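None of these values were measured; they are calculated from a predicted model. We count ligands from 1, going down the list as the structure has it; atoms in each ligand are counted the same way. Side chains are part of it too, since the values below use all heavy atoms of this structure and drop only hydrogens, waters and symmetry mates.
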Amino acid sequence: MKGVAYCVLFLIAFALNVAAQDSHSYANPSAVRVRHVDLELEVLFDQKILKGTSTLTIERASQTEPLILDTRDLQIEKVETSVNALNYTPATFTVGTSDKILGAPLTIPLPARTTRVRIHYSTSPSASGLQWLTAAQTAGKKDPFMFTQSQAIHARSWIPLQDTPAVRVTYSARIRTPRNLLAVMSAENDARTPRDGDYRFRMRQPIPSYLIALAVGDLRFRSLGPRTGVYAEPQVIDRAARELSDTERMVVATERLYGRYRWGRYDILVLPPSFPFGGMENPRLTFATPTILAGDKSLVSLIAHELAHSWSGNLVTNATWRDFWLNEGFTVYLERRIQEAVYGRSRAEMEAALGLRDLQEELATLEDRDEILHVDLKGRDPDEGFTDVPYEKGALFLLHLEQTFGRARFDRFLQSYFNHFAFQSITTEQFLAYLKQNLLDKHPAMAARVPVDEWINKPGLPASAVRPTSPAFARVEEQAQRWLRGEITATQIPVATWTTQERLHFLKFVQSALEPPSSAGGPADGSATQLSQTERSRLMGELDRALNLTRSGNSEIAFQWLLMSIRNRYEPAYPRLEDFLLSVGRRKFIRPLYQELAKTPEGTERALAIYRRARSTYHPIAVTSIDQDLKWPGQ
Ligand code: BES
Ligand code: ZN
């Protein structure tokens with residue numbers, strides 16, 4: 001009797017989960033569900049492969065259906081099944097045809113009472129989720145380095161599993177590496193483990209596959225606080241520890257807003273510069289680009305962002321990539337709240353204003369279907385649907401709710417949302433139902449002021465959206481205008497007193513003033529003055545001499561300046577542009593620079609000449625994007 005009741009409950013639980021059909025996975029979790037992944041992998045730098053086994057613990061709602069896993073470019077050697085987790089017997093399996101975006105399904109018929117499936121496999125040297133760095137690509141120049149990047153659908157290129165965020169697993173791993181290197185994972189890491197090339201990990205909380213992560217290299221650890229710390233190469237560790245010294249304060253501030261941090265430790269791994277993203281919220285161990293090490297903590301909002309994912313994303317997870325805005329929109333909103341709590345209101349305002357500007361510029365270029373929060377990604381690579389919309393439009397939606405219902409009420413709502421859906425993967429529909437029940441229906445008069453359907457399902461920004469402004473930026477614009485009108489020289493602009501955010505705004509504002517009126521944007525002051533090429537070069541040179549922009553050590557400033565330099569054909573910055581593209585792999589920086597170059601025939605030639613040298617040092621995810629942009633042969 002108890003068995004029957006249990007079975008019914010089990011089926012209901014499965015049925016509820018079917019709701020989220022993930023168009024980016026072949027898996028059939030409503031019939032067979034993976035609960036735990038146990039990895040035994042050897043990291044073979046010579047061959048650029050991982051080799052070993054993945055043992056999956058499964059639960060079955062159907063006794064007849066096979067297990068279907070996602071794979072991409074995996075060499076499957078052998079599959080075994082077990083009913084008791086002790087004795088394994090060989091099993092049959094088939095690998096289906098490979099789709100360019102999804103990879104290939106691995107189908108394994110299951111004998112009765114199977115509880116474990118073990119797959120013996122190795123990865124391909126060109127696995128989309130792995131990057132293998134030569135010693136020359138590291139700070140130390142002595143040892144190779146490797147790291148994984150599983151989001152969105154790259155876990156399948158290094159582990160055969162149900163690669164959908166709707167399925168959560170616990171995991172354990174034994175990783176073997178060359179003796180002098182250290183392996184770290186998005187799991188419990190022992191910072192004092194002997195460096196013997198044999199490392200064990202456990203992740204006890206259920207997480208989606210895109211959060212399984214591994215990195216191997218010559219790494220050191222430095223503690224930052226009671227439950228925070230940083231890993232980096234020896235040459236970088238001191239700089240990293242100084243830059244990230246506010247991390248513990250950020251954790252405390254976030255807990256105060258949204259409830260207890262549920263993952264034990266929060267450590268950060270600072271990767272070599274080829275890391276394709278700014279940051280990746282791997283649980284217990286954020287992966288971060290070294291380009292945030294500006295020397296003055298000015299770019300640590302990235303840490304606030306990745307930390308915020310410990311609530312929005314890792315605790316409550318988007319069930320499919322259509323629901324990505326649930327991860328990123330919430331996270332950008334939280335990020336700004338953390339910035340406000342730790343660095344004050346002005347800093348948070350500036351970052352929100354910069355975000356809005358970027359969003360508006362991007363909206364001017366996007367198709368309607370990409371401006372929708374609940375975006376339709378069927379048949380598309382989720383990596384390519386990567387825009388500011390889920391991030392900034394998502395955050396503006398939450399800001400609209402906050403301002404309509406009041407901060408105190410909205411904070412309580414968010415905290416209860418995180419608790420209610422903790423360790424679950426949810427769809428946009430589930431969020432909307434929860435929002436309706438717990439906020440909108442309780443305050444109908446206020447709810448009438450938020451066009452929820454328009455926010456979620458329509459392109460653009462609702463007319464009633466809050467548009468964040470920054471008083472500090474208004475002052476920056478005044479100075480910029482005075483300089484553009486020739487009332488002051490560049491050396492009289494009070495840049496020395498400005499923060500990085502004010503400098504960035506200054507550069508963006510000046511760029512829109514220099515822009516020929518025909519192109520997107522036009523002069524920011526509404527004037528129709530068209531500047532000649534000589535005039536623009538002169539202004540760029542004056543700025544450069546006064547503000548030392550070409551040599552800026554701040555990656556965001558350098559990026560903005562280099563982008564402007566291409567647009568205004570400011571040739572003195574070209575050598576730095578080349579250096580930058582050859583040394584940094586962060587897609588957010590390099591992709592727009594190549595795209596900007598590719599707008600003219602001479603620029604295209606320069607882009608191709610640089611890309612020819614740089615391509616092999618970039619991550620597969622960046623290469624896929626830039627190959628398309630530059631129509632690289634073979635694409
Ligand atoms: N989870 C994302 C990175 C990501 C998204 C990787 C989609 C693969 C697919 C991460 O939290 C993120 O948003 N990083 C941003 C930085 C952030 C401050 C906006 C980045 O890398 O630029
Ligand atoms: Zn994010």
Side-chain angles (χ1 to χ4, degrees), residues 24 101 128-129 131 147-157 163 165 186 207-213 250 268-271 273-283 285-292 294 298-318 320-336 338-339 348 351-352 354-356 358-359 362 375 377 380-395 398 500-501 504 555-556 559 584-592 619-622 624-625:
H24 293 106
I101 297 170
S128 62
Q131 191 176 15
F147 63 88
T148 66
Q149 167 57 42
S150 298
Q151 197 182 13
I153 54 172
H154 302 287
R156 66 190 65 178
S157 77
D163 197 11
S186 55
I207 58 166
S209 54
Y210 76 86
L211 294 176
I212 304 179
M250 287 187 178
I268 298 162
L269 168 65
V270 177
L271 288 141
S274 74
F275 186 58
F277 293 104
M280 178 64 215
E281 67 271 26
N282 297 314
L285 185 64
T286 280
F287 283 22
T289 170
T291 62
I292 57 164
S298 60
L299 304 179
V300 295
S301 62
L302 184 124
I303 300 301
H305 179 98
E306 305 311 335
L307 169 66
H309 274 307
S310 306
W311 285 260
S312 46
N314 300 2
L315 194 57
V316 182
T317 306
N318 53 207
T320 77
W321 299 115
R322 287 197 73 181
D323 309 302
F324 184 57
W325 78 275
L326 289 179
N327 276 16
E328 298 301 342
F330 277 62
T331 295
V332 170
Y333 173 82
L334 264 59
E335 167 196 337
R336 307 249 157 87
I338 299 168
Q339 288 289 97
E351 286 175 350
L354 286 170
L356 174 65
D358 288 347
L359 175 65
E362 193 169 39
V375 61
L377 290 175
R380 300 167 73 187
D381 182 345
D383 281 351
E384 298 309 311
F386 198 95
T387 72
D388 276 334
V389 170
Y391 288 79
E392 296 293 341
K393 182 176 174 182
L398 296 203
T500 293
Q501 287 66 34
L504 282 171
S555 61
E556 292 281 353
F559 164 67
V584 173
R586 185 174 173 187
R587 187 172 67 168
K588 178 188 125 176
F589 290 153
I590 60 176
R591 190 178 193 189
H619 190 283
I621 293 172
T624 303
S625 309

Could you check [atom] against the protein and tell me its nearest heavy-atom contact, residue, atom and distance included?
atom: atom 5 (C) of ligand 1; answer: F386 CE1, 3.2 Å
atom: atom 10 (C) of ligand 1; answer: G279 O, 3.2 Å
atom: atom 2 (C) of ligand 1; answer: E328 OE2, 3.4 Å
atom: atom 15 (C) of ligand 1; answer: E306 OE2, 4.2 Å
atom: atom 21 (O) of ligand 1; answer: G278 N, 2.6 Å

*Going by the atom numbers of ligand 1, which of them fall below 4.0 Å from some non-hydrogen atom of L302?*
16 (C), 18 (C)
*Near H309, which atoms of ligand 1 are under 4.0 Å from a heavy atom of that residue?*
11 (O)
*Check the pair N318, E328 against side chain to side chain contact (heavy atoms under 4.5 Å, CB included), reporting the backbone distance first and the verdict last.*
CA-CA 9 Å; N318 53 207; E328 298 301 342; over 6 Å; no
Does any N/O atom on [X] come nearer than 3.5 Å to any N/O atom on ligand 1?
X: S301; answer: no
X: D383; answer: no
X: K588; answer: no
X: A152; answer: no
X: E281; answer: yes

*Kindly assign one of parallel, tilted or perpendicular to the pair F330 and W325, based on the angle between their ring planes and the thresholds 30° and 60°.*
tilted
*Parallel, tilted or perpendicular for F386 and F277, by the 30°/60° rule?*
tilted
*Heavy-atom distances under 4.0 Å are what count here, so tell me which part of Q151 touches ligand 1: side chain, backbone, both or neither.*
both
*Measure the spacing between CD of E306 and CD1 of I268 and express it to the nearest 0.5 Å.*
9.5 Å
*asked:* Just verifying a value: how many Å separate I303 CD1 and M250 CE, rounded to the nearest 0.5 Å?
replied: 7.0 Å
*How about F275 and F147: are their ring centres within less than 6.0 Å of each other?*
yes
_Counting only heavy atoms, tell me which of F277, F287, F324, Y391 gets closest to atom 12 (C) of ligand 1._
Y391
*Return yes when Q149 approaches ligand 1 closer than 4.0 angstrom through a heavy atom, no otherwise.*
yes
*Can you tell me if S157 uses its side chain to pair, donor with acceptor, with the backbone of G129 under 3.5 Å?*
yes
*asked:* Tell me if a side-chain donor or acceptor on S209 pairs with a main-chain N or O of D163 at a distance below 3.5 Å.
replied: no
*Strictly by modelled atom types, are T331 and H305 linked by a side-chain donor-acceptor pair under 3.5 Å?*
no
*Can a donor-acceptor pair be found between the side chains of T291 and T289 at a distance below 3.5 Å?*
yes
*Do N327 and H309 have side chains that get closer than 4.5 Å, going by heavy atoms?*
yes
*Taking the N/O/S atoms of E328 one by one, which is nearest to the Zn ion (ligand 2)?*
OE1
_Angle, NE2 of H305 through the Zn ion (ligand 2) to NE2 of H309 - 10° precision_ = 100°
